[in-house]
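A quick write-up on the structure given underneath.
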Amino acid sequence: MIIENVHVAPVRGPEIESGYLRIEGDRIAEVAAGPAPDLPGVPRIDGTGCLATPGLVNTHHHLYQWASQGLAQDATLFEWLVALYQVWAAMDAEVVEGAATAGLSWLALSGCTTSSDHHYIFPKGRGDLLAAEIEAARAVGLRFHPARGSMDLGESKGGLPPDVVVEELDDILSATAEAVDAYQDPSFSSMLRVAVAPCSPFSASAELMTESAVLARQKGVRLHTHLAETLDEEEHCQERFGLRPLDYMLKLGWLGPDVWFAHTVHLSDADIGKLAATGTGTAHCPSSNGRLGAGIAPVSELLRRGANVGIGVDGNASSELTPLAGEMRQALLFQRARYGPDALTARQALELATLGGARNLGRQDELGSLEPGKLADIALWRVDGPFTAAVADPVCALVFGPVPPLARVLVGGRTVVEEGELRTLAQDEAGRAGVRAHRRLTKLAQERGFTAAVQIHPGH
Ligand SMILES: [Zn+2]
């Protein structure tokens, strides 16, 4: 396949104002300027008026939360979690499959080609939740990096979550090892890789954190958790462990190039140095941090010091309908509002959402830039609309403006989105699966007596 007459922003290497991409199998064979060669029998896509970028990589999400959007609208993280844990305790595999189908479709429709997911609640007797979301990712056609999450520190042991949503340490470790054995595909073209991901320092014990790191390193998979998201968390860590969140994780053996943390909003100067020195990545989730009033991560300083930063939408219960591509704009504006107009450029924002994300997932050799030999995960943005064409620089149009329409999204050369429509599934039906998941979760939660948290307009 050839995509021709297109502006190419490869993220690594020089931009091409008018050129072409040639794809062979699931890989990029050639990226070059000028007219494409005449190759008989090779399908051609005319990219006139389009910008080609690497497909976007989402490095933090909780897909099940599609079913609990719009609740606890004015709460802090801890208030929001306490309101929602009991609702989430009612979920089953049917809820997860519907929520993940809608959530992953929504991601594809904003240029995402690879997504991680952090699933950390596994209520007993409610079906195989991990298998349900993996099936949804296969149907939508995205590369998927599910992180087998976990919580073992319930309220009775000094944690934040109620005991009903936590699991026993031994059960967690055996289920996580089984998930890696069942699903991990380490190949170059892999569509499915598994990470190990205890939820947070206030919901996972020190033993679970330590044992998870040992397990992940034995299995050769990556480690993920939430870290330094709010000042409440910092206070919790100081009180319980006498350490800042990052120093606590350092003590537990959790810093290194195989680890990425979600958020890292509240970092000291020394924390930033430790992340950079150890090659530990972070997933920046600006909309979620803004929604929960958590603060904003020092992304420009992290980048200046050489730390890796990717982008994440975070779960939809704290980011609602946030499109992944829109997070580039959020990142750029929040950094500039805090640090000034040169804090983050449009091209740096694009790099966060592509190569930065690929590094977080350990896939920088395969994904994140448009280069020969890499996988053909490509987003083709239409930047020649009657209004958007007035912006001279297409990367500026993509990052500074509202998300432009997608002419095409390719995953390994396979079309997932064409002219703004999902091609792998019936798009409206994928959306309705999310609505059904929401209704089902609400009903299941109400049957268990948790009506307060599912009020539509709390406080009114
Ligand atoms: Zn999260």
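When a ligand or atom number is given, it counts from 1 through the structure's own listing order. Since the structure is predicted, the reported quantities are computational estimates derived from the model, not experimental observations.
With 3.5 Å as the limit, one finds no donor-acceptor pair spanning the side chains of His226 and His224.
Residue Asp314: an N/O/S atom is found under 2.8 Å from the Zn ion (ligand 1). When distances to the Zn ion (ligand 1) are checked against a cut-off of 2.8 Å, His226 contributes an N, O or S atom below that limit. Put simply, His263 stays out of reach of the Zn ion (ligand 1), with no N, O or S atom under 2.8 Å from it. Among the atoms of His118, none of the N, O or S atoms falls under 2.8 Å from the Zn ion (ligand 1).
Counting just the N/O/S atoms of His60, the one with the shortest distance to the Zn ion (ligand 1) is named NE2.
Exactly one of Arg222, Arg217, Arg359 qualifies for a salt bridge (Lys or Arg N to Asp or Glu O under 4.0 Å) with Asp258. That residue is Arg217.
In this structure, Thr280 and Trp260 have side chains that are not in contact, with every pair of non-hydrogen atoms separated by 4.5 Å or more.
Listed for the Ser287 side chain is no donor-acceptor partner under 3.5 Å among the backbone atoms of Ser319.
Between His62 and Tyr120, the two ring planes are perpendicular [angle over 60°; tilted spans 30° to 60°].
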